[in-house]
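The residues of the chain are indexed from 1 along the displayed sequence. Quick caveat, the model's predicted, so the values are computed rather than measured. Worth knowing before you read on, the calculation uses all heavy atoms, side chains too, and leaves out hydrogens, waters and symmetry mates.
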Amino acid sequence: VRRSMSDASNGFYAVPAALVFRAWSRGEAGQPIARRILLKNDTAAALVYRLDVPESSAFRLACNPVAEDGMGMVEAGGGVSLEVQLVCDEIDASKQPEVHAELRVRTSRGVLHVPLVALSSSTEPKAGAPKERRSGPTGGERWPDALQLEEARRRAAEAPAEKPSLVGQAMQSLHVTAAAVSEREELAFYAELMRSQPPPRAAPRAPAAAGLRIST
């Protein structure tokens with residue numbers, strides 16, 4: 001798909017502008033087909049983004065550079081590579097000659113919609129070549145700038161690890177991992193834990209009701 005100068009002048013775009021899996025049914029049966037897409041940032045500032053995975057199970061995002069906080073970052077003048085797979089087993093080629101979905105890339109400036117098309121036997125979609133489109137920013141999202149994101153991630157990486165639980169401490173003292181703890185060791189640990197705990201206090205007796213004799 002060729003890109004116009006107006007698309008490129010936006011500063012943030014996908015290369016190619018759409019992913020079309022052509023005549024996929026002619027390939028090896030049952031094997032996913034992988035294609036790569038580059039998110040390009042030609043602006044003068046780093047850009048933070050979030051991804052929406054394709055809504056169709058026929059497409060899978062196999063290589064996702066988004067971190068645990070759900071955000072990714074493209075450096076100024078740089079790019080980020082994504083891998084999209086076509087899961088052929090999710091499509092009935094006889095009933096679904098064309099499958100359409102999109103990869104949505106959200107930023108503080110708006111949403112980039114990258115078309116994903118699977119053609120079972122043809123090489124061109126009936127409606128013509130798909131085109132990348134854009135929509136306005138989604139409401140209610142907070143966007144840190146790139147420096148804030150990097151600082152937050154640095155602090156998270158430097159934060160002390162949480163103190164292990166009592167069972168975890170016992171495993172460490174035995175120099176074994178959870179997978180290596182035998183049933184005998186686990187029972188011994190809990191037996192020792194019970195011995196180390198103070199005995200439970202007896203519940204106070206209720207006073208005897210008038211006129212009743214309590215035998216012991």
Side-chain angles (χ1 to χ4, degrees), residues 1-22 24 27 31-88 90-91 98-119 123-125 127-157:
V1 178
R2 297 187 63 182
R3 176 176 302 281
S4 68
M5 290 300 295
S6 60
D7 290 333
S9 65
N10 183 278
F12 181 65
Y13 52 92
V15 180
L19 281 185
V20 181
F21 296 83
R22 307 176 194 277
W24 62 264
Q31 295 298 318
I33 303 171
R35 294 280 304 277
R36 285 195 170 273
I37 188 168
L38 181 68
L39 299 179
K40 193 74 174 67
N41 178 17
D42 284 347
T43 70
L47 190 62
V48 177
Y49 68 90
R50 294 183 175 101
L51 289 176
D52 290 336
V53 296
E55 61 274 15
S56 171
S57 60
F59 300 97
R60 179 170 62 200
L61 193 57
C63 178
N64 186 353
V66 171
E68 292 182 0
D69 55 19
M71 289 179 284
M73 184 169 58
V74 190
E75 296 291 345
V80 171
S81 178
L82 309 176
E83 181 180 304
V84 178
Q85 290 183 351
L86 176 66
V87 186
C88 303
E90 294 289 329
I91 308 174
E98 294 190 12
V99 177
H100 293 257
E102 63 181 14
L103 176 67
R104 288 187 289 269
V105 188
R106 309 193 315 272
T107 72
S108 61
R109 303 177 182 180
V111 183
L112 178 66
H113 302 255
V114 182
L116 306 175
V117 182
L119 306 175
T123 58
E124 292 297 332
K131 296 181 180 180
E132 169 192 289
R133 66 184 182 90
R134 302 170 190 275
S135 61
T138 54
E141 283 193 287
R142 299 184 63 181
W143 293 97
D145 62 32
L147 292 178
Q148 290 174 331
L149 182 61
E150 287 184 338
E151 178 64 17
R153 289 177 175 176
R154 183 188 65 79
R155 291 181 179 178

Self-check item: Partner of Leu112 by side chain to side chain contact (heavy atoms under 4.5 Å, CB included), out of Arg134, Glu102, Arg133
Solution: Arg134
Self-check item: Ser108 vs Val48 side-chain heavy atoms within contact, under 4.5 Å
Solution: no
Exercise. Quick one: pull up CG in Leu86 and CG in Leu116 and give me the separation to the nearest 0.5 Å.
Key: 9.5 Å
Quiz item: Between Arg60 and Pro32, what is the shortest heavy-atom contact and its length?
Solution: NH2-CG, 3.9 Å
Quiz item: Will you find, in the side chains of Tyr13 and Asp42, an N or O donor that is under 3.5 Å from an N or O acceptor?
Solution: yes
Quiz prompt | Min side-chain heavy-atom separation Glu55-Arg104 under 4.5 Å | solution = yes
Quiz item: Considering only heavy atoms from C-beta outward, does the side chain of Arg109 approach that of Leu47 to under 4.5 Å?
Solution: yes
Self-check item: Thr43 OG1 to Glu75 CD distance, which is reported to the nearest 0.5 Å
Solution: 10.5 Å
Quiz item: If we only count heavy atoms from C-beta on, is the Arg50 to Glu141 side-chain gap below 4.5 Å?
Solution: yes
Exercise. List the steps, then state whether side chain to side chain contact (heavy atoms under 4.5 Å, CB included) holds for Val80 with Leu38.
Key: CA-CA 6 Å; Val80 171; Leu38 181 68; 5.6 Å; no
Practice problem: Measure the SG-CD1 distance between Cys88 and Ile33 for me, rounded to the nearest 0.5 Å. | Solution: 4.0 Å
Quiz item: Taking atom CG of Leu103 and atom CG of Asp52, what is their separation to the nearest 0.5 Å?
Solution: 8.0 Å
Quiz item: Would you say the side-chain atoms of Arg22 and Thr123 include a donor-acceptor pair closer than 3.5 Å?
Solution: no
Exercise. Check whether any side-chain heavy atom of Arg106 lies under 4.5 Å from a side-chain heavy atom of Tyr49, and answer yes or no.
Key: no
Quiz item: Would you say Val87 and Phe59 make side-chain contact, with heavy atoms under 4.5 Å?
Solution: no
Practice problem: Grab the two heavy atoms, one from Ala14 and one from Ile37, that are nearest each other, plus how far apart they are. | Solution: CB-CD1, 3.8 Å
Quiz item: With side chains defined as the heavy atoms from C-beta onward, is the minimum distance between Leu19 and Val117 less than 4.5 Å?
Solution: no
Practice problem: Under the side chain to side chain contact (heavy atoms under 4.5 Å, CB included) rule, what do Phe21 and Leu119 come out as? Steps first, then yes or no, please. | Solution: CA-CA 6 Å; Phe21 296 83; Leu119 306 175; over 6 Å; no
Quiz item: Are Pro130 and Pro125 side-chain neighbours, meaning at least one heavy-atom pair lies under 4.5 Å?
Solution: yes
Self-check item: Polar side-chain atom of Asn41 near backbone of Phe12 as donor-acceptor pair, under 3.5 Å
Solution: no
Quiz item: Out of curiosity, Met71 CE to Met73 CE, how far, rounded to the nearest 0.5 Å?
Solution: 10.0 Å
Quiz item: Between Val99 and Ala58, which heavy-atom pair has the shortest distance, and what is it?
Solution: CG1-CB, 4.3 Å
Exercise. Verify side chain to side chain contact (heavy atoms under 4.5 Å, CB included) between Leu82 and Leu39, making sure each step is shown before the conclusion.
Key: CA-CA 8 Å; Leu82 309 176; Leu39 299 179; 3.8 Å; yes
Exercise. First locate atom OG of Ser135, then atom NE2 of His113, and finally report the distance between them rounded to the nearest 0.5 Å.
Key: 2.5 Å
Quiz item: For Glu90 and Ser57, which heavy atoms make the closest approach, and how far apart are they?
Solution: OE1-OG, 3.0 Å
